[in-house]
Structures are given as structure tokens and as C-alpha cells.
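Atom set for the values below is all heavy atoms of this structure, side chains included, hydrogens, waters and symmetry mates excluded. Nothing fancy with the numbering, it's 1 onward along the sequence.
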Amino acid sequence: MGLIVGLLVIWAVLVVLGIVIKGLFWLIIVGAILFVATGVIGFVRRKAVR
């Protein structure tokens, strides 16, 4: 679970950096996609354990 949370934090930081630095719009897209994918994987794994 700690790995999933760590990855979510990293992806959120990438999205914020993409917003702050105007020339890095692609970083917003990549960070958002990875954030959503990690969240879904974490949700599915948590549900499968129960």
C-alpha cells in the first residue's frame, strides 16, 4: 500500500510541475494518466485482497 501512495504522490507532483512550467504540457497529460492508472490498480488490488 505504501508503494501505491508513493507513486500517487510522485504523479501528482509531475502534474503540478507541468502546470507550473508552461512548456511542459505533456507532463500534465502523462502525470494524470499515470495517477489514474495507479489509483485504479491500487483500488483493484485492495478489493481483491478482501
Same apolar cluster (I L V M F W Y, side chains within < 4.5 Å links), [X]/[Y]:
X: Val36; Y: Ile41; result: no
X: Trp26; Y: Leu34; result: yes
X: Val40; Y: Leu14; result: no

Of the non-hydrogen atoms in Thr38 and Trp11, which two are nearest, and what is the gap between them?
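Taking Thr38 first and Trp11 second, the nearest heavy atoms are OG1-NE1, 2.8 Å.
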So, taking the atom named CZ in Phe35 and the one named CG in Leu7, what distance separates them when rounded to the nearest 0.5 Å?
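Interatomic distance, Phe35 CZ to Leu7 CG, rounded to 0.5 Å: 11.0 Å.
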Which distance, rounded to the nearest 0.5 Å, do you find between the CD1 of Ile4 and the CZ of Arg46?
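One finds 11.0 Å between CD1 of Ile4 and CZ of Arg46.
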ILVMFWY clustering at 4.5 Å (side-chain atoms), partners of Ile29:
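Direct or chained contacts put Ile29 with Val15, Ile19, Phe25, Ile28, Ile33.
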For Ile21, what residues pass the side-chain contact (heavy atoms from CB on, under 4.5 Å) criterion, not counting sequence neighbours?
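Checked Ile21 against side-chain contact (heavy atoms from CB on, under 4.5 Å); matches are Leu24.
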